[in-house]
Peer 1: 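Would you mind keeping the following structure in view while I ask a few things?
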Amino acid sequence: MKKLKLGYAPTRRFVFSAEDAFKYKVLIRETIESFGLDIDIVDLEGLNSEGLLYDDHINAELIIDRFREEKVDAVFFPHCNFGTEDTVARVGKALGKPVLLWGPRDEAPLEDGMRLRDTQCGLFATGKVLRRFNVPFTYITNSRVDDPVFERGFGNFAAAANVVRQFRSLRILQIGPRPASFWTMMCNEGELLERFGIEIHPITLVDIQRAAKRIESGSSDELAAAMDYIKAKLDWSEVTEADVRRIAALKVAMKQYALQTGSTAIAIQCWSSLQDAMGIMPCLANAILTDEQIPVTCETDIHGAITSVMVQAASMNQAPTFFADLTVRHPDNANGELLFHCGNFPVSLSVENKPKLRKHFLFDDHSPGTHEGEIKGGGMTLARFDGDHGDYQLFLGRARGIQGPYTRGSYVWVEVNDWPLWEEKLVKGPYVHHSVGIHANVIPALYEACQYIPGLTPDPVDPTEQEIQAWLRGKGL
């Protein structure tokens, strides 16, 4: 995955200290580089003698041209003094990328009563002009460079921008139609394209069957590596060598199709025609690909695949997602719920050192290919992109792993703050029984990303919208 590319456009205004503005330009850059985020920074050096954005129109055009040429994904306008609000707004409008607005807190006036920067005052001005230009933007509370509020806000903006970047270039590889009995998996392909620019690349089960058979009969390094991975990471004693080879071949075929079509996620019709055609379940292949940052969703769940990419991006692609059914309530915990699927959770999340590769426990043919076992608990985010009647929402909630009874498949029991509230929202909202989980707190980033995606409304259940906003302002630091 390519790194997020951030345009760094520090700004000043001529009536305040140019020396202090230059000092803060350097200090802020050094600070954001110290955060350890895996991003590339494109600055203004060489465009003028200061490497700062200030009040002339030629300067604005040069900045726009540089950022376009460098294909930045977002722009940060730190106000090193009052700043130049009209130029900031012109650049932000022209680029159409997520915008971050912040400035370092001002020092006390000098002994003679003069002030060097008046940064906060300039932030008020720029916020208003960005609104006039219809430029959505993220704001971090005016704070000192070394204040944890700035680090928290900057990191969250970078993650939100990463979500927007990947959402705007989404292409889903669809392998087969939805199962006939799963009306919940209906989606409006035309509307996804018209509304959000999301592309679906469909292929048939025959296409993937032929590709997998070709790979299975060959001796490629990719096939050998996939087989070695399965044998090293899983207990495959319940299946045959031929089964392992066929599962590995399917994984390689799916990945090759995704790369060839420029798809960042896959939605597959995992039952039951695939078992008739190939004699295996795709669950483990799905699990391995998800671990490799190509999330795969079951039952041709296109909206689930969209969710998976968004959630993965919100972690800056540092953690794997898992695609789960919301299945049954915990037998003893009123706020407990089972997250389950037949065998598709990433192997890296398993509690066991060597989870089992097994035959499917439910369908009559009992085809091999399910990766079974409990995954680790801890704190996690659960999310779901979904919609109907032209309205799209993003469900957001936090959960933590708890103890629960053994069950077949991939699973984890979780506890939430108020399961009856969740249940009502999920049943009555535009959602289904599928959700995407990740072992990270990505709710604030996903919430922030929604303001840059027209037509998508965040729908947080826990924390609430007010609690998310308070967190971004520094609550809990």
Side-chain angles (χ1 to χ4, degrees), residues 1-5 38-40 71-74 97-98 158-176 185 187 189 191-203 207-208 211 222 250-270 282 285-323 344-346 348 381 383-387 392 394 434-438 440 442 445-446 449-450 452-453 456:
M1 186 64 63
K2 293 179 180 178
K3 292 182 181 181
L4 180 78
K5 191 172 282 192
D38 192 24
I39 62 175
D40 286 331
K71 297 180 179 179
V72 301
D73 303 301
K97 304 292 184 180
N162 199 41
V163 174
V164 175
R165 169 177 76 115
Q166 295 189 42
F167 186 90
R168 288 178 175 176
S169 60
L170 255 173
R171 179 177 293 164
I172 308 296
L173 175 64
Q174 178 182 328
I175 304 176
M185 295 303 103
C187 78
E189 181 181 345
E191 190 170 74
L192 288 174
L193 181 62
E194 294 161 2
R195 175 82 55 96
F196 303 115
I198 296 172
E199 300 178 12
I200 311 297
H201 186 98
I203 64 172
D207 294 323
I208 202 69
E222 285 181 280
L250 175 60
K251 178 264 175 183
V252 173
M254 291 166 68
K255 185 170 185 177
Q256 287 182 353
Y257 258 113
L259 296 176
Q260 289 165 8
T261 60
S263 300
T264 50
I266 301 171
I268 186 170
Q269 187 205 101
C270 50
N286 298 354
I288 298 171
L289 284 168
T290 300
D291 246 337
E292 294 181 1
Q293 301 279 298
I294 304 175
V296 185
T297 57
C298 314
E299 294 146 356
T300 325
D301 186 350
I302 299 296
H303 288 175
I306 294 168
T307 313
S308 298
V309 171
M310 295 179 73
V311 170
Q312 181 176 273
S315 76
M316 297 297 286
N317 297 86
Q318 297 301 303
T321 60
F322 62 94
F323 180 72
N344 63 321
F345 291 4
S348 67
T381 294
R384 175 72 189 183
F385 168 96
D386 222 321
Y392 289 85
L394 184 63
H434 288 168
S435 66
V436 174
I438 193 168
V442 296
L446 290 166
C450 287
Y452 298 105
I453 303 173
L456 179 60

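We use all heavy atoms of the structure for the numbers below, so side chains are in, but hydrogens, waters and symmetry mates are not.
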Peer 1: Below 4.5 Å, heavy atoms only, C-beta onward: do Q260 and H201 meet side chain to side chain?
Peer 2: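 Q260 does not reach H201 side chain to side chain.
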
Peer 1: To the closest 0.5 Å, what do you measure between CD1 (I172) and OG1 (T300)?
Peer 2: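 So the CD1 of I172 and the OG1 of T300 are separated by 12.0 Å.
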
Peer 1: Restricting to non-hydrogen atoms, name the atom on V164 and the atom on A449 that form the minimum distance, rounded to 0.1 Å.
Peer 2: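 For V164 and A449, the tightest heavy-atom pair comes out as CG2-O, 3.8 Å.
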
Peer 1: In this structure, which one of E292, Q256, E222 forms a side-chain hydrogen bond (donor to acceptor under 3.5 Å, both in side chains) with K251?
Peer 2: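 Option passing the side-chain hydrogen bond (donor to acceptor under 3.5 Å, both in side chains) with K251: E292.
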
Peer 1: So which atom in M316 and which in I39 form the shortest heavy-atom distance, rounded to 0.1 Å?
Peer 2: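 Shortest heavy-atom separation between M316 and I39 comes out as CE-CG2, 3.9 Å.
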
Peer 1: For a 4.5 angstrom cut-off between non-hydrogen side-chain atoms, does I302 reach I198?
Peer 2: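 They are not in contact (no side-chain heavy atoms under 4.5 Å apart), so the answer is no.
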
Peer 1: If you round to the nearest 0.5 Å, how far is CG of L4 from CG of D73?
Peer 2: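 Rounded to the nearest 0.5 Å, the CG-CG separation comes out at 5.0 Å.
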
Peer 1: Verify whether one side chain among D38 and Q318 offers a donor that lies under 3.5 Å from an acceptor in the other.
Peer 2: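 No pair is found: no donor N or O on one side chain lies under 3.5 Å from an acceptor on the other.
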
Peer 1: Using the side-chain contact (heavy atoms from CB on, under 4.5 Å) rule, take V296 and I268 through it: C-alpha gap first, then chi angles, then the decisive distance, then the call.
Peer 2: CA-CA 7 Å; V296 185; I268 186 170; 3.9 Å; yes

Peer 1: Do F323 and C298 touch side chain to side chain, with heavy atoms closer than 4.5 Å?
Peer 2: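 Yes. Closest side-chain heavy atoms under 4.5 Å.
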
Peer 1: Once you round to the nearest 0.5 Å, how far does CD1 of I175 lie from OH of Y257?
Peer 2: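 Going from CD1 on I175 over to OH on Y257, the span is 8.5 Å.
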
Peer 1: At what distance, to the nearest 0.5 angstrom, does CG of L170 lie from OG of S308?
Peer 2: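 The OG atom of S308 is 10.0 Å from CG of L170, to the nearest 0.5 Å.
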
Peer 1: What is the minimum heavy-atom distance between V436 and G304, and which atoms define it?
Peer 2: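 For V436 versus G304, the nearest heavy atoms are CG2-O, 3.8 Å.
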
Peer 1: Can you find a heavy atom in the side chain of H303 that is under 4.5 Å from one in the side chain of T297?
Peer 2: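 The answer is no; the side chains never approach within 4.5 Å.
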
Peer 1: Indicate the atoms forming the closest heavy-atom contact of A313 with N162, along with that distance.
Peer 2: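 Taking every non-hydrogen atom into account, O-ND2, 2.9 Å.
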
Peer 1: Would you find a donor on one side and an acceptor on the other, under 3.5 Å apart, between the side chain of T381 and the backbone of I438?
Peer 2: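 Checking the backbone N and O of I438 against the side chain of T381, no donor-acceptor pair under 3.5 Å is found.
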
Peer 1: How far apart are the closest heavy atoms of L289 and M254, and which atoms are they?
Peer 2: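 Closest approach of L289 to M254, heavy atoms only: CD1-CB, 3.6 Å.
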
Peer 1: Counting distance only, does the side-chain N/O of Q174 pair as donor-acceptor with the main-chain N or O of G176 below 3.5 Å?
Peer 2: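 Side chain of Q174 to backbone of G176, a donor-acceptor pair under 3.5 Å: yes, one is there.
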
Peer 1: Below 4.0 angstrom, N of the basic side chain to O of the carboxylate: do D40 and K71 qualify?
Peer 2: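 Salt bridge: no.
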
Peer 1: Main chain of Q312, side chain of T321: is a donor-acceptor contact present, judged purely on distance under 3.5 Å?
Peer 2: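 No, because the side chain of T321 does not come within donor-acceptor range (under 3.5 Å) of the backbone of Q312.
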
Peer 1: Would you compute the distance between atom OG1 of T264 and atom CD of E199 and round it to the nearest 0.5 angstrom?
Peer 2: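 That separation rounds to 10.0 Å.
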
Peer 1: Evaluate R168 against K97 for side-chain contact (heavy atoms from CB on, under 4.5 Å), listing each step before the verdict.
Peer 2: CA-CA 11 Å; R168 288 178 175 176; K97 304 292 184 180; 4.2 Å; yes

Peer 1: Do I306 and F167 have side chains that get closer than 4.5 Å, going by heavy atoms?
Peer 2: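 When only atoms from C-beta onward are counted, F167 and I306 do touch, with a gap below 4.5 Å.
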
Peer 1: Taking all heavy atoms of E191 and all of Y392, pick out the closest pair and write down the distance.
Peer 2: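 For E191 and Y392, the tightest heavy-atom pair comes out as OE1-OH, 2.6 Å.
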
Peer 1: Taking R171 for its side chain and T261 for its backbone only, find out whether a donor-acceptor pair lies under 3.5 Å.
Peer 2: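 Yes: the side chain of R171 pairs with the backbone of T261.
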
Peer 1: Roughly how far apart are I266 CD1 and K255 NZ, rounded to 0.5 Å?
Peer 2: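 So the gap between those two atoms works out to 10.0 Å.
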
Peer 1: Does the pair R165 and K5 meet the rule for a side-chain contact (heavy atoms from CB on, under 4.5 Å), with working shown?
Peer 2: CA-CA 10 Å; R165 169 177 76 115; K5 191 172 282 192; over 6 Å; no

Peer 1: Are side-chain heavy atoms of V163 and Y452 found at a separation under 4.5 Å?
Peer 2: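 No. Closest side-chain heavy atoms not under 4.5 Å.
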
